[in-house]
Amino acid sequence: QVQLVESGGGLVQPGGSLRLSCVASGSSFSGDAMGWYRQAPGKQRAVVALIDYRGSTEYRESVKGRFTISRNNAKNTMYLQMNSLKPEDTAVYYCNANFRYWGQGTQVTVSS
């Protein structure tokens, strides 16, 4: 049974940083693409960043230069380092593996 578990969300002031983690179990995704998505209240879920099995990355325009996606295949874990956070980054962040499996989400709130 595949399971993705996110952690690292929380409340942070504008300009602050958070690091999200996603641990996968039940299968190895070392050969698959993985990604982070987010869903703000009243909005559709949207891609934040993607990383393929080689480590090539893509980002939505609004987070370029502030967010960094990475993965450790040996630990079956993916990360999202978020710096210079803005109130508009507030959302539930979801981990995705192979465009098929989803985690339960972790809340990120950016507010003073």
Side-chain angles (χ1 to χ4, degrees):
Q1 179 181 353
V2 174
Q3 190 173 18
L4 302 177
V5 179
E6 303 99 334
S7 62
L11 173 64
V12 64
Q13 292 185 342
S17 297
L18 285 174
R19 189 193 195 207
L20 305 184
S21 299
C22 170
V23 180
S25 60
S27 180
S28 171
F29 295 103
S30 60
D32 299 313
M34 298 186 74
W36 289 97
Y37 293 70
R38 68 188 183 188
Q39 187 167 18
K43 295 187 177 181
Q44 290 188 328
R45 191 174 299 187
V47 64
V48 175
L50 300 172
I51 184 167
D52 71 10
Y53 70 98
R54 299 167 298 178
S56 295
T57 59
E58 294 182 21
Y59 298 91
R60 72 181 298 111
E61 193 65 34
S62 62
V63 307
K64 285 181 179 178
R66 300 188 297 122
F67 291 10
T68 303
I69 188 172
S70 61
R71 64 192 296 171
N72 184 328
N73 288 335
K75 295 184 177 181
N76 229 16
T77 301
M78 178 177 64
Y79 306 96
L80 185 67
Q81 178 66 43
M82 304 186 295
N83 298 328
S84 302
L85 283 161
K86 303 176 180 181
E88 51 263 44
D89 295 317
T90 295
V92 178
Y93 283 70
Y94 296 91
C95 166
N96 177 277
N98 200 21
F99 302 106
R100 177 180 178 185
Y101 302 102
W102 293 94
Q104 82 289 349
T106 185
Q107 176 70 47
V108 172
T109 303
V110 185
S111 175
S112 55

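Side-chain atoms are counted along with the backbone in the values below, which use heavy atoms only and exclude waters and symmetry mates.
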Return each pair, listed once, that meets salt bridge (charged side-chain N to carboxylate O under 4.0 Å, His left out) where at least one residue sits in residues 15-31; pairs must be two or more places apart or across chains.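 Residue pairs with at least one partner in residues 15-31: there are none.
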According to disulfide bond (SG atoms under 2.5 Å apart), does anything in residues 38-97 pair up with another residue at least two apart or in another chain? List the pairs.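 Listed once each, the pairs are Cys22-Cys95.
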Would you be so kind as to tabulate the donor-acceptor pairs closer than 3.5 Å made by side chains of residues 105-112, with sequence neighbours excluded?
{"residue": "Thr106", "atom": "OG1", "partner": "Gly9", "partner atom": "N", "Å": "3.3"}
{"residue": "Gln107", "atom": "NE2", "partner": "Ala91", "partner atom": "O", "Å": "3.4"}
{"residue": "Gln107", "atom": "NE2", "partner": "Thr109", "partner atom": "OG1", "Å": "3.3"}

Would you say the rings of Phe29 and Tyr53 are close, in the sense that their centroids are separated by under 6.0 Å? no
Describe, in one word, how the ring planes of Tyr93 and Phe67 are oriented to each other, choosing from parallel (under 30°), tilted (30 to 60°) and perpendicular (over 60°). tilted
Cluster overlap [X] with [Y], hydrophobic side-chain contacts below 4.5 Å:
X     : Y     : answer
Tyr37 : Ile51 : no
Ile69 : Val92 : no
Phe99 : Val47 : yes
Met82 : Leu11 : no

Any idea which heavy atoms bring Tyr94 and Glu6 closest together, and the distance? CA-OE2, 3.3 Å
Atom of Ala49, atom of Tyr59 and distance for their closest heavy-atom approach: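 Reported closest heavy-atom pair: CB-CD2, 3.6 Å.
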Looking at Gln39, I want to see if its CD is surrounded by more than 12 non-hydrogen atoms of other residues, nucleotides or ligands under 6.0 Å. yes
Tell me if the CD atom of Glu88 is crowded by more than 12 foreign heavy atoms within 6.0 Å. yes
Quick one, Thr57 and Leu50 - any side-chain contact, counting heavy atoms below 4.5 Å? no
So, the side chain of [X] versus the backbone of [Y]: is there a donor-acceptor pair under 3.5 Å, distance only?
X     : Y      : value
Asn98 : Met34  : no
Asn76 : Ala24  : yes
Asp52 : Asp32  : no
Asn96 : Trp102 : no

Checking Arg71 against Tyr79: charged group under 6.0 Å from the ring centre and within 45 degrees of the axis? no
Honestly, is Arg60 close enough over Trp36, meaning NZ or CZ under 6.0 Å from the six-membered ring centre and within 45° of the axis?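 Here Arg60 fails the 6.0 Å and 45° test against Trp36.
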Applying side-chain hydrogen bond (donor to acceptor under 3.5 Å, both in side chains), can you list everything that pairs with [X], at least two apart in sequence or on another chain?
X     : result
Asp89 : Arg38, Arg66
Gln3  : none
Asn72 : none

Would you give the length of the straight line joining atom [atom1] of [X] to atom [atom2] of [Y], rounded to the nearest 0.5 angstrom?
X     : Y     : atom1 : atom2 : answer
Thr68 : Asn83 : OG1   : CG    : 6.5 Å
Gln1  : Ser27 : CD    : OG    : 12.0 Å
Leu20 : Ser7  : CG    : OG    : 8.0 Å

